[in-house]
Undergrad: 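First the structure, which I've put down as structure tokens, then a few questions once you've had a look.
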Amino acid sequence: MADHVVPHFQNDAGVAIIEIGSREFMCIGANPPFDHPHVFLDLGDDNEIICPYCSTLYRYAADIAPGSARPPECVVKDKVT
């Protein structure tokens, strides 16, 4: 059993950069039914990564809580896995 939930983020607003407080996460593109395949992204030692499906730029920000984002509306709610 997993010991934590992998946060999911989306970019319905079409913002240029989503700052996140997690180094491992899922990008879904936009909210269903306009989502793309849910892709797992791992920043590793980097501070930025681009989603290969929707080209959203994600940037790690240490001042943001894990699972949170700036802007906050980019956090996908109702994800249980």
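Just so it is clear, the values below take in all heavy atoms, side chains as well, and ignore hydrogens, waters and symmetry mates. Position 1 is the first residue of the sequence; numbering continues from there.
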Undergrad: Find out if a path of hydrophobic residues (ILVMFWY) with successive side-chain heavy-atom gaps under 4.5 Å connects Val75 to Ile20.
TA: yes

Undergrad: Which value, rounded to the nearest 0.5 Å, describes the distance between Cys51 atom SG and Met26 atom CE?
TA: 10.0 Å

Undergrad: Does any pair with a residue in residues 10-35 pass ring-ring contact (aromatic ring centres under 6.0 Å, His included), and if so which ones, sequence neighbours excluded?
TA: Phe9-Phe25, Phe25-Tyr58

Undergrad: Could you work out, with side-chain contact (heavy atoms from CB on, under 4.5 Å) as the rule, every residue matching Ile50, not counting sequence neighbours?
TA: Ser55, Leu57

Undergrad: Hydrophobic clustering (ILVMFWY, side-chain heavy atoms < 4.5 Å, transitive) - are Tyr53 and Val6 grouped together?
TA: no

Undergrad: Would you name the heavy atoms of Cys27 and Cys54 that are closest together and state the gap between them?
TA: SG-SG, 3.6 Å

Undergrad: In terms of hydrophobic clustering (I, L, V, M, F, W, Y; side-chain heavy atoms under 4.5 Å; direct or indirect links), are Leu41 and Ile18 co-clustered?
TA: yes

Undergrad: Taking His8 for the side chain and Val76 for the main chain, is one N or O donor matched with an acceptor at less than 3.5 Å?
TA: no

Undergrad: Do any N or O atoms from the side chain of Asp46 and from the backbone of Glu48 form a donor-acceptor pair under 3.5 angstrom?
TA: no

Undergrad: List the atom of Arg70, the atom of Ala61, and the distance in Å for their closest heavy-atom pair.
TA: NH2-CB, 3.8 Å

Undergrad: Only counting residues at least two apart or in another chain, list the ones meeting ring-ring contact (aromatic ring centres under 6.0 Å, His included) with Tyr60.
TA: none

Undergrad: Linking I/L/V/M/F/W/Y whenever any side-chain heavy atoms sit under 4.5 Å apart, do Ile17 and Val39 land together?
TA: no

Undergrad: Are any side-chain N or O atoms of Gln10 and backbone N or O atoms of Glu73, one a donor and one an acceptor, separated by less than 3.5 Å?
TA: yes

Undergrad: Considering all heavy atoms of both residues, which atom of Leu43 and which atom of Ser22 are nearest to each other, and what is their separation?
TA: CD1-O, 3.7 Å

Undergrad: Looking at Asp12 and Asn31, would you say the former's side chain and the latter's main chain have a donor-acceptor pair under 3.5 Å?
TA: yes

Undergrad: Looking at Pro66, is its backbone amide N or carbonyl O close enough to the side chain of Arg23 to form a donor-acceptor pair, meaning the two atoms are under 3.5 Å apart?
TA: no

